[in-house]
Structures are given as C-alpha cells and as structure tokens.
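Since the structure comes first, as structure tokens, the remarks are kept for the end.
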Amino acid sequence: MKASAKNLLSIIKEPKQFIIPIYQRTYSWQFKQCALLLKDIQAASTSEQGHFIGSIVYFQPDIHTIAEINKYLVIDGQQRLTTITLLIAAIVKFIEKNPDCAVDTTAKKLKNYYLFNAEEDNDLYYKLLLTRRDKETLTNLLTNKPLPTKHSNRIIENHDYFYKHIDKNNINKIYKGLQKLIVVDVALEREKDNPQLIFESLNSTGLNLSQADLIRNYILMGQEPTFQKHLYETYWYPMEQSFGENISALPWFMRDYLTMKLNSIPKIGEVYDTFKLYFNNHKDKLGTENIVKSLYEYSQYYVAIALQKEEDKTLKSVLKEITKLRMDTSYPFLLAVYGDYNNELITFDEFVEILHLTKNYVFRRAICGIPTNSLNKTFATLYKNIKSETYAESVKAAFMLMDGYRRFPDDAEFTREIQLKDVYNFRSRNYLLESLENFKRKELVNAENYTIEHIIPQNPKTPIEWQKELGENWKIVKEKYLHTLGNLSLTAYNSELSDRPFTNKKTIEGGFNDSPLFLNKSVRVADVWNEQAINNRATALGERALKVWTSPYLNEEVLDMYRAPQTSRDTVQYTIEQYEHLQNDMLALYRLFEKRVLNIDATAKVEFKKLYIAFKAQTNFVDVVPQKVKLRLSLNMDFENIKDPKNLCRDISGLGRWGNGNVEVNLRDASELDDIIELVQQAFEEQMNG
C-alpha cells in the first residue's frame, strides 16, 4: 500500500480512468453535502493552506500491464470524485454560456484535464466511470446527450445545484478553491494488500455504510472481476431490488438470516462482524457462491413475509396477519420453514398450518400479557426442535412442551384473559375485532373503515338513562367493563350512536339492529345492556376466539415421544420387523450394512428403537432411519471433523433429526458400502478416542 497527501486535481489530470466497482452503492450525496463542499472550496481559495476533503482508495494497475490509460478500481472515495466531477461540469457549462467571465482557465482545458481523456474513444474517453444507471446518466450529462429514461436524479440535481450557485463574482474563487483540494491518495496492490481491512478502518468514522453494505463489500471486494460481476448481477443486485424502497430493511434481514443459521441473535450493530465469522467458517465447505445464493433465496422469503410481496393469496392473507401483529421476532423461524416449504420438505397445507400456529402463539401470549422479551430467543432456537420425518407434528409438540414464560397459553387461560383484558387500549385491538368479525366470512371487513364503538359510552358524565340501564352498581360495572371485549364493537355510525340510551342505539337508522356485522348480532338480541349482557357477549366472543386462534393438539402418547430422550424412556422391546420400509431390497441392503458395522469392533452392538436403529459402543456412533429408497444415516460427530473426500455427507447442525450427530449420509446401494463404512468408522474411532 502506498499512501500520500496529494492535490486532487493533479491526480485526476493524469492519463487515467477511475472505475467504480459494480457492487458499490450508487451516488447518494445530497444538497446539504454539496453546499458544505462548495462553501469549503470558496473558503480555501483565499487560504494559504490546502483543504483536506478525505481519501481516495483504489487498486492500482498491475505493474506488468502496459496501457496508455491506466484503470483504477475505486473502493473508497466515489462520492467525492463524483461530486467534484459534477462541480467541474457545472463550471464548464457556466463558462461556455458566459465566455466573458473572469476565470483563470477555459472550458476546453477543464474538459480535457479533468473530465475526459481527450485522445481516447468509447468508455476510455471518460475520466470517471460510475456503475449502473449512474454511469449512463453522468456520461450523457458530460457530452450533452439526452438523458436516459431512467436516469439518476441525484446526479442531475446536484449538477444543477452547482450550476445555479455559480456566478461571475464567484467562479474564479471556486476554481482557485478547487485547485487547493487535498486528498489522501491510497494505492493498493492486489496481491499484497487486504482492501477490506483498509476499507473498514477508513469507514469506521463516517461513511455511514449499513451493515448490509459492509457485508456486500466484504464478499465481493476480494473476488476476481468476472466472478465479482457474476455474484453481484446474479444474486446481490436482484436481492437489493426486491427490497425496493424498503432497502433499509436489508440489514434486519441479514440479522434474521444469521439468527436462523447460528441459533443465536447478533446485535444489529454487530451483524457485519458476525457475518464475517460465519462466512469464514463456511466458505471452504459451502463455497462463496452457495453462501451468496442462499442469502438471495432467503431474502425472497423475507420480502414475502415482511414486505407483503407473497403472490399466493392464501399465504399472503396469513402473512398479512403476521405483519399486523409485528411478529418480527418470529422471522428467523419462519424463514427456515419457508425454505423447507420451497424445497418441498413440507406441503402447502403444512406450511399454512405452521404459519397460523406461530401467529396464534404470539397473539395468545399478547392477550395473556406474557412478557415478549423472551420471544426472540424462543424463535431463534425453535427450529432445532423440528424432526424432518414428522415435521408439522414436531412443530406442534415444540409449542405444546414450552412452559413458564415461554408457554403457549391454553384455551382456559386465553378465554379468561380475552374477556377481562382492556381491549380498547390493546395495541392490536383492530386486528382482534376484525379477525373475530371475519371468521368464516367471504366478504371481509376492514376495521380501518369503522370506528370502535363503546356500547356503554365513555363519557365521564354518564347519562342518567345509562345509570338506570346498568343498575345501582353502575359505577363499578362501567369501570370494570367499559374497555373490555364484551362492551366493544365496530360501527360506521359512531357519532350518531354517541351517548344515546341502549334502546336508541339499537333502533335508530344505522344502529345495531341495522348492522350487518357479526359483532353486532349479539348486541341486537339483548333487551338490556347490563353486567349480565356484557358477560354473555364476552363469553360468546371468547368461544369464537378459540376457533380463530386455535391451539395445537397432540395426544399424550404422541407428545411423550418428544418429551424425553428415547434412550431413557424406551421400555418396549422393538424388533426389525416394525420398520415398514425394511422389506425386500432395502432389508437386504440393511443386513449388509449391519454386518459391516458390527465387524468394525467387538464392542459395537445394535439396538432397535421406535423410530430408528442405533449402533453403539460407549454410546450411539451411527443411527439408521430406514426410508423407502435409502437408509438415512446420522453419524455422531461434528461435521468439521469428518474426512469426506467424495462429499457424500451433509451438515445437519441445528436441524432436528431422529438420531444423533451433525453428519448425515445416505446409503442407497450396496456399491456405496465401502465408502460409507469408512465414514462410519471415523465416527466410531472419534467416540473411542474421545
């Protein structure tokens, strides 16, 4: 690395071209930054000192490459370079339109020194090449060509801003100030310098890149240009585009993605550092492209969930409910499940069921006032409880087996709390009333089109008619039930109903008797509105709520399978005949495998479990789940330790399976036995040597 303080215009004047890498964010300086720069430039014009404006960091050309125009790949400083280019272009335009202005240069010199490589053609003609739509916008602006249909507004607006602030009195001052701009010129060598470390240190104090920007640069900066372009155009740019105007959500997606992968939650300000560790630990195993591809794929699930871009109507409906409930903490879990649905590990109906179950879990807890500060950790680790063989069932079991502050409120707790809760001041009150109204309704009601109606009026000065309606304990009744579910409804006639007596609220035009809403049906049938009527309605709505926000159910025998480890619970003696898939060819294959495994060592023995077959020494070293066309093997060792030259194994860390261990391999044919047994022997030896 070579770093030195240099005059900016002298750097640009040399025969060279600055190129902004394709992955860099587009030009983004705003008027306030342009105004400050222009002010500093004019102040510098009368100073004996130069004015420092930051650094420019770039890869210098290979010393073995000979070219008349050297190309420099900029990794930091594009915002400054672009803004100075726009200012010079504005000065050129002003001089051309005002040839009599007193300035110590000419438009031709400015163009040939600082905007163009005058003797070159095509892209080499330009001193600065931007990326994406910025590129065509700037080149057309500098050559007075029509702007592209989708041009970069920021480039045009900032150029025009500079032009409007140049006049005959200040143009020479601006030009002299430009000549005094100083930068730290940092030239990197590809084979010697780590651009990312330099980039991080330069930007630690102020470029204000998001965590996602830093991740993008970390992945792409060190790649060869062709591969870099492939990764960016195939995965990263489409990912950014899918977020649209919600690009600020990208770092939050990154956080949820890492939570899903690591089962722990990084702080939002530490997402970049966490990703670096994840990337470096997995790039050799998975490959850089597979990691970037995975980011892209899961980002599409994220925008479907969080940004309401799901196209399927059924999924979109339940995902809309999830966003209404602001269930951000559930996203790492939902991303993982969405990925399994997309990879056909679960059916559409199972996916919908799990989405509803997750939504119901969060909503029931909110109604019951259970603190939410544990939800992020709950959802960060929930996916580990899923068994692929009984996917939807294992999700139900996981929810049902949570206890204490993590519990899924049962029907008794939920109905009790929903009837007693101050629903009016509940954050999700509109969602609550809307969902009760729309249950099994084809013509859906939007609560936003209605107002909340208190049947007992809110007015502190309770009308005498209502005092009589509620009885001698009217104050106690009103205080207890005013904001509860039994006393709330939806209406489009709130001002008409106002504080009227109950009978009038029912019978006037637009009153409860005219209402087509389900929520008002139970009001219409009441002759009086007192404590008993409110409780009756609350009970009816509570029963309806149980149907809207259902709880999971498994019988105790099934649930018991998930409640305790199989090894400590099995008292039933199982035999090989119980496994439905161990027949004919698959049984013959298993027999060959069993014989080879038991021959590894005299201490090895086999035990038949309810859902898998365990081969043990001190404890399980390989477990077998018989399937229709293969034997799925779990090797009880860490994936990082397996020596697998033929890449037969899969890392199942964090993915629940029947069996033990983080390494999975499949046996489909007897011809694979030699390779498989070598892997099994590694698991056995690791256990014996441990």
Side-chain angles (χ1 to χ4, degrees), residues 6-29 33-34 37-38 41 53-61 67-93 105 107-145 147-148 151-163 174-175 178-179 181-188 195 199 207 217 221 225 228-229:
K6 289 186 180 179
N7 180 278
L8 176 60
L9 291 189
S10 69
I11 296 173
I12 300 174
K13 188 176 180 180
E14 298 169 7
K16 64 173 57 173
Q17 182 180 68
F18 290 107
I19 300 173
I20 307 303
I22 193 170
Y23 59 82
Q24 290 279 28
R25 62 178 180 177
T26 54
Y27 179 62
S28 59
W29 268 29
Q33 292 158 308
C34 293
L37 176 65
L38 193 57
I41 286 173
I53 64 167
S55 59
I56 297 176
V57 185
Y58 53 84
F59 281 116
Q60 59 185 352
E68 293 183 352
I69 300 297
N70 286 320
K71 297 180 180 181
Y72 297 80
L73 197 65
V74 178
I75 66 169
D76 181 47
Q78 72 141 321
Q79 303 291 327
R80 289 179 284 277
L81 278 172
T82 306
T83 305
I84 294 299
T85 298
L86 294 175
L87 176 56
I88 294 172
I91 295 172
V92 168
K93 181 178 178 181
T105 189
K108 182 177 181 181
K109 285 182 179 180
L110 290 173
K111 288 194 286 187
N112 290 342
Y113 289 163
Y114 310 119
L115 300 181
F116 306 119
N117 295 308
E119 300 300 320
E120 302 300 328
D121 299 315
N122 303 320
D123 279 353
L124 280 178
Y125 180 60
Y126 303 96
K127 292 276 189 180
L128 176 64
L129 279 187
L130 302 182
T131 185
R132 288 173 269 162
R133 72 172 64 171
D134 284 357
K135 175 183 176 182
E136 190 177 2
T137 302
L138 180 62
T139 56
N140 286 17
L141 174 68
L142 297 181
T143 53
N144 296 313
K145 293 179 181 178
L147 294 175
H151 60 269
S152 297
N153 290 329
R154 187 60 62 195
I155 287 177
I156 302 304
E157 290 170 355
N158 287 358
H159 169 269
D160 292 347
Y161 172 85
F162 285 134
Y163 180 73
I174 293 172
Y175 176 61
L178 271 173
Q179 292 177 299
L181 296 184
I182 304 297
V183 296
V184 174
D185 182 62
V186 183
L188 307 179
F199 181 78
L207 188 56
N217 290 0
M221 190 175 288
Q228 181 186 94
K229 183 177 181 181

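The analysis underlying the following values was restricted to heavy atoms, covering all of them including side chains, and did not include hydrogens, waters or symmetry mates.
- Proximity of Ile12 to Thr85: side-chain heavy atoms (C-beta onward) are nowhere separated by under 4.5 Å.
- Counting heavy atoms from C-beta on, the side chains of Ile91 and Leu178 come closer than 4.5 Å.
- Note on ring orientation: taking the six-membered ring where Trp is involved, the planes of Phe18 and Tyr58 are perpendicular (angle over 60°, cut-offs 30° and 60°).
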Apply side-chain contact (heavy atoms from CB on, under 4.5 Å) to Leu188 and Leu73, showing your working. CA-CA 10 Å; Leu188 307 179; Leu73 197 65; over 6 Å; no
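- No side-chain heavy atom of Pro15 sits under 4.5 Å from any side-chain heavy atom of Asn70.
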Walk me through whether Leu124 and Lys71 qualify under side-chain contact (heavy atoms from CB on, under 4.5 Å). CA-CA 9 Å; Leu124 280 178; Lys71 297 180 180 181; 3.6 Å; yes
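- Of all the heavy atoms in Gln79 and Thr83, the pair that sits closest is O-OG1, 2.7 Å.
- Between Ile182 and Asn7, the shortest heavy-atom distance links the atoms CD1-CA, 4.0 Å.
- By the 4.5 Å heavy-atom criterion applied to side chains, Leu130 and Ile155 are counted as neighbours.
- To the nearest 0.5 Å, atom CG of residue Leu141 and atom CG of residue Asp134 are 11.5 Å apart.
- Lys229 NZ: 12 or fewer foreign heavy atoms inside a 6.0 Å radius.
- In this structure, Arg154 and Ser28 have side chains that are not in contact, with every pair of non-hydrogen atoms separated by 4.5 Å or more.
- With hydrogens and angles ignored, the 3.5 Å screen pairs no side-chain donor or acceptor of Asp185 with any backbone N or O of Lys6.
- Tyr27 places a side-chain heavy atom less than 4.5 Å from the side chain of Asn158.
- Atom CD1 of Ile75 is separated from atom CE of Met221 by 4.5 Å, given to the nearest 0.5 angstrom.
- The line from CG of Leu38 to CZ of Phe162 is 6.0 Å long, rounded to the nearest 0.5 Å.
- Heavy atoms from other residues, nucleotides or ligands lying under 6.0 Å from CD of Glu119 number 12 at most.
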Evaluate Thr143 against Tyr125 for side-chain contact (heavy atoms from CB on, under 4.5 Å), listing each step before the verdict. CA-CA 11 Å; Thr143 53; Tyr125 180 60; 4.3 Å; yes
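- In this structure a side-chain-to-backbone donor-acceptor pair under 3.5 Å is missing from His159 to Ile156.
- In this structure a side-chain-to-backbone donor-acceptor pair under 3.5 Å is present from Thr137 to Ser152.
- When all heavy atoms of Arg80 and Ile53 are compared, the pair lying nearest together is CD-O, 2.9 Å.
- With values rounded to the nearest 0.5 angstrom, Leu181 atom CG is found 6.5 Å from Leu9 atom CG.
- Leu115 and Ala89 get closest at one heavy-atom pair: CD1-CA, 4.2 Å.
- Separation of atoms CG (Leu147) and CZ (Arg133) is listed at 12.5 Å; rounding is to 0.5 Å.
- In terms of modelled atom types and a separation under 3.5 Å, the side chain of Lys127 and the main chain of Lys13 share a donor-acceptor contact.
- Side-chain atoms of Phe116 and Leu142, non-hydrogen and from C-beta on, do get closer than 4.5 Å to each other.
- A pairwise comparison of heavy atoms in Ile56 and Leu81 identifies CD1-CD2, 3.7 Å as the closest pair.
- Under a 3.5 Å cut-off, the side chain of Gln17 and the backbone N or O of Tyr126 do form a donor-acceptor pair.
- Residue Lys93 holds its NZ atom at 5.5 Å from OH of Tyr163, rounded to the nearest 0.5 Å.
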Side chain to side chain donor-acceptor pair (under 3.5 Å) evaluation trace for Tyr175 with Gln179: CA-CA 6 Å; Tyr175 176 61; Gln179 292 177 299; 3.2 Å; yes
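- Between Ile41 and Leu87, the closest side-chain pair of non-hydrogen atoms falls below 4.5 Å.
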Evaluate the criterion side-chain contact (heavy atoms from CB on, under 4.5 Å) for residue pair Asp123 and Ile19; output intermediate values, then yes/no. CA-CA 10 Å; Asp123 279 353; Ile19 300 173; over 6 Å; no
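- Between the Asn117 side chain and the Ile69 main chain, no donor and acceptor come within less than 3.5 Å of each other.
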